**Q** 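Mind having a look at this structure? Questions to follow.
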Amino acid sequence: MVSSPLRHHGYSIHSSRFPATPSGSLRLSPNHIHQILSTKTPRTLLCLFTHHFPSSHFSSYKLVARCRRPLRCNFCHQDSLDFEEVNGDFDEVGEENGEFSELELLELDEEARRAAKKYSMSLSKELGLEDETYEDRGEKWQRQKTLSIHIPNNLLPKVAIVGRPNVGKSALFNRLVGGNMAIVVDEPGVTRDRLYGRSFWGDREFSVIDTGGVMTFSRSHDDVMEELAITTTIGMEGISLTLREAAVARMPSMIEKQAAAAVEEASVIIFLVDGQAGLTVADEEIADWLRKNYSTKPIILAVNKCESPRKGLMQASEFWSLGFTPLPISAISGTGTGDLLELVCSELQTIEAFEISEGENKYVPSIAIVGRPNVGKSSILNALVGEDRTIVSPISGTTRDAIDTEFTGPDGQKYRLIDTAGIRRRAAVASGGSTTEALSVNRAFRAIRRSDVVALVIEAMSCITEQDYRIAERIEREGKGCIIVVNKWDTIPKKNQETTTHYEQDVREKLRMLNWAPIVYSTATTGHSVEKIIDAASMVERERSRRLSTSILNQVVQEAVAFKPPPRTRGGKRGRVYYSTQAAIRPPTFVFFVNDARLFPDTYRRYMEKQLRSDAGFPGTPIRLLWRSRRKAEKECKAADTVKRSGRNAERLSVAT
């Protein structure tokens with residue numbers, strides 16, 4: 001007989017219900033076992049019970065009472081139970097932990113952080129995007145470092161860029177904000193919604209607004225449609241011809257409405273014209289519109305596409321007739337943009353010093369709204385913010401850029417909502433031959449990367465498609481929190497509780513990589529249950545930022561290993577877990593130090609993830625489990641020490657010579 005493993009955890013088993021025995025084992029009758037199961041046992045109890053019958057017939061059973069699961073038990077007959085194996089597994093987790101000194105535990109934690117960072121960088125490189133460069137990131141970080149204080153977006157003065165289509169407004173916007181936020185393509189009508197970005201010049205900071213082209217004052221409807229080149233076929237197969245024509249007819253007016261809203265809230269207006277094309281009737285009409293409605297605001301006339309300083313003055317002289325002082329610039333090369341920024345800053349009012357409250361210093365989570373075209377992403381954004389922030393139309397591909405909008409929840413928590421373009425299949429985008437759509441999809445993927453929580457929007461009637469599966473796969477690989485939004489729920493006829501249950505089962509079965517994501521059913525057009533999206537996103541962000549203490553984590557791992565030990569290899573080897581720790585958050589990343597990571601197959605790793613979720617939570621967020629071979633890690637440390645010593649020796653030799 002073996003002694004009870006209870007002593008490994010220091011539990012006292014001497015009580016009226018558990019009488020002491022000389023041999024250290026427990027002799028219980030079947031009645032005793034029934035009594036144990038019917039009463040409350042200690043939650044952290046994990047032990048081996050044996051019972052003996054007075055007769056010559058002998059049988060033994062193992063009872064495992066899991067932490068936080070007192071009713072989940074497992075009985076094994078003695079013929080299938082190896083006592084040395086059970087004790088060995090317990091020693092692997094329980095006693096090995098005690099062998100690490102405090103200094104060694106600190107080294108393991110530091111190694112875990114390095115492993116998590118290395119894995120995150122390798123995954124980001126693998127999922128790298130075409131137009132994302134490290135230079136852009138460094139420039140943005142340097143700009144933030146230069147400014148002494150962070151001013152909230154709603155307090156920044158705003159500068160709107162307006163003009164007719166294809167004069168370079170988006171190129172100038174990218175030049176001023178110092179990035180590649182707006183899509184720049186040599187075709188009219190690319191920008192449709194308002195796009196905001198932060199810019200600075202010296203010690204002044206302000207917000208720049210990119211707008212769509214204003215062009216319908218004296219143009220016929222056919223000319224406008226021809227210039228905008230709005231398609232009425234792609235992505236509109238399920239819409240009647242009458243609705244298609246009505247949606248297309250409303251598009252120019254909706255673009256101008258967005259531009260007018262930007263001018264309305266701006267402190268300074270940059271009126272941009274094309275120096276190479278010369279003065280046009282559309283330029284004169286826009287100048288009259290600005291002079292008539294916004295004469296109280298500073299208006300700066302910038303003549304774009306003047307790359308040559310000598311020719312630029314000649315090109316700009318043509319625009320004196322508009323009644324403003326023309327300033328030749330080039331958004332592509334940057335010529336004259338310094339003078340433009342000087343004029344802008346001279347017209348801006350100085351922001352008075354203000355005290356930043358604790359609420360301003362809080363982390364502002366970003367929520368990206370992604371999905372296939374025409375599933376209601378822009379409608380959800382408008383319903384959340386309570387205004388027509390973006391253009392909503394049945395025309396496929398209405399949203400081009402990734403639109404950032406600040407939003408304050410009912411509890412006062414601020415969020416950054418990101419509306420994105422619809423993501424079609426890569427083959428469909430390539431066959432369409434549209435550069436604008438390809439860039440729009442790229443912006444959507446970039447929005448996923450810079451977000452904290454992703455709202456994957458699916459259409460209720462369409463349910464899950466192959467493209468939804470691919471988007472979900474991308475979200476999981478990026479390590480983002482996720483909520484599944486089933487939009488247009490009102491289109492499902494005769495709904496009841498069973499309908500929701502069956503629908504959820506279908507979603508879970510088809511999106512297995514997101515089986516941890518909560519599901520929200522909403523109707524954006526009526527605003528039904530839209531607020532639940534923010535509630536779910538708030539919960540997901542809290543779970544994504546949560547840290548699990550090392551003691552609780554190792555306790556959960558101990559119980560998981562004791563309940564189901566790692567499988568043995570043909571050679572008799574078995575994996576051992578020495579130590580585990582949480583190395584990072586967003587997403588939660590756990591590092592397991594084991595004897596050999598190859599001894600833990602994928603099935604066992606999925607089992608460990610399932611146990612972590614069931615015992616520790618983390619709903620709505622992916623968790624990463626990294627397995628580090630302890631022997632391999634020690635070899636790497638020794639190799640690093642050897643390299644350091646050789647470097648020091650080389651320095652000493654060079655100094656001596």
Side-chain angles (χ1 to χ4, degrees), residues 231-248 250 367-384 390-399 419-429 432 437 440-441 444 448 454-475 482-515 517-534 536-537:
T231 178
T232 59
T233 57
I234 298 177
M236 302 182 69
E237 293 79 3
I239 304 175
S240 63
L241 181 60
T242 305
L243 292 178
R244 294 186 197 182
E245 294 178 350
V248 171
R250 289 195 304 267
I367 304 174
I369 306 173
V370 302
R372 296 180 291 108
N374 283 347
V375 294
K377 300 181 295 296
S378 298
S379 299
I380 290 175
L381 175 65
N382 291 343
L384 286 173
T390 56
I391 297 175
V392 177
S393 171
I395 300 175
S396 180
T398 299
T399 303
D419 185 22
T420 62
I423 303 175
R424 292 203 299 163
R425 292 183 296 109
R426 182 179 300 179
V429 175
E437 184 179 7
S440 299
V441 172
I448 294 176
V454 179
L456 175 59
V457 184
I458 62 176
E459 190 175 355
M461 290 296 291
S462 301
C463 198
I464 303 299
T465 65
E466 182 182 356
Q467 184 63 10
D468 293 323
Y469 179 87
R470 295 184 182 278
I471 299 173
E473 199 174 35
R474 178 78 181 215
I475 295 170
C482 181
I483 56 177
I484 301 173
V485 180
V486 182
N487 195 30
K488 304 180 183 180
W489 188 240
D490 59 331
T491 59
I492 301 294
K494 299 180 181 180
K495 296 183 293 294
N496 52 32
Q497 188 61 35
E498 292 183 0
T499 305
T500 306
T501 303
H502 293 321
Y503 201 97
E504 182 174 353
Q505 291 176 354
D506 184 68
V507 171
R508 298 296 185 197
E509 183 179 351
K510 294 179 179 178
L511 297 181
R512 293 183 178 180
M513 76 290 292
L514 297 182
N515 57 0
I519 301 177
V520 177
Y521 302 90
S522 68
T523 303
T525 54
T526 61
H528 175 68
S529 298
V530 174
E531 68 281 354
K532 293 182 180 179
I533 299 175
I534 296 298

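Note that the coordinates shown come from a computational prediction; the quantities given were computed from them, not determined experimentally.
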**Q** Side chains of Asn487 and Glu459, heavy atoms from C-beta outward: is any pair under 4.5 Å?
**A** no
**Q** Using a cut-off of 6.0 Å, state whether more than 12 heavy atoms not belonging to Lys532 lie near its atom NZ.
**A** no
**Q** In the structure I gave you, are the side-chain heavy atoms of Val370 and Ile475 within less than 4.5 Å of one another anywhere?
**A** yes
**Q** We want to know whether Thr465 and Asp468 form a side-chain donor-acceptor pair, criterion being a heavy-atom distance below 3.5 angstrom.
**A** yes
**Q** Look only at the side chain of Asn382 and the backbone of Thr390, and say whether a donor-acceptor pair between them is shorter than 3.5 Å.
**A** yes
**Q** Starting at CG of Asp419, measure out to OG1 of Thr399 and round the result to the nearest 0.5 Å.
**A** 4.5 Å
**Q** Between Asn374 (side chain only) and Pro394 (backbone N and O only), is there a donor and an acceptor less than 3.5 Å apart?
**A** yes
**Q** Got a sec, which residues hit side chain to side chain contact (heavy atoms under 4.5 Å, CB included) with Ala537, two or more places apart in sequence or on another chain?
**A** Ile367, Val453, Ile483
**Q** Run the side-chain contact (heavy atoms from CB on, under 4.5 Å) check on Asp506 and His502 step by step: do they pass?
**A** CA-CA 6 Å; Asp506 184 68; His502 293 321; over 6 Å; no
**Q** Just by modelled atom types, is the Gln497 backbone N or O under 3.5 Å from a matching donor or acceptor in the Thr501 side chain?
**A** yes
**Q** If we only count heavy atoms from C-beta on, is the Leu456 to Leu514 side-chain gap below 4.5 Å?
**A** yes
**Q** Output all residues satisfying side chain to side chain contact (heavy atoms under 4.5 Å, CB included) with Glu466, sequence neighbours left out; order by chain, then residue number.
**A** Arg470
**Q** Extract all donor-acceptor atom pairs below 3.5 Å that involve side chains of residues 517-530 and protein atoms in other chains or at least two apart in sequence.
**A**
residue	atom	partner	partner atom	Å
Thr523	OG1	Asp490	N	3.3
Thr526	OG1	Thr523	O	3.4

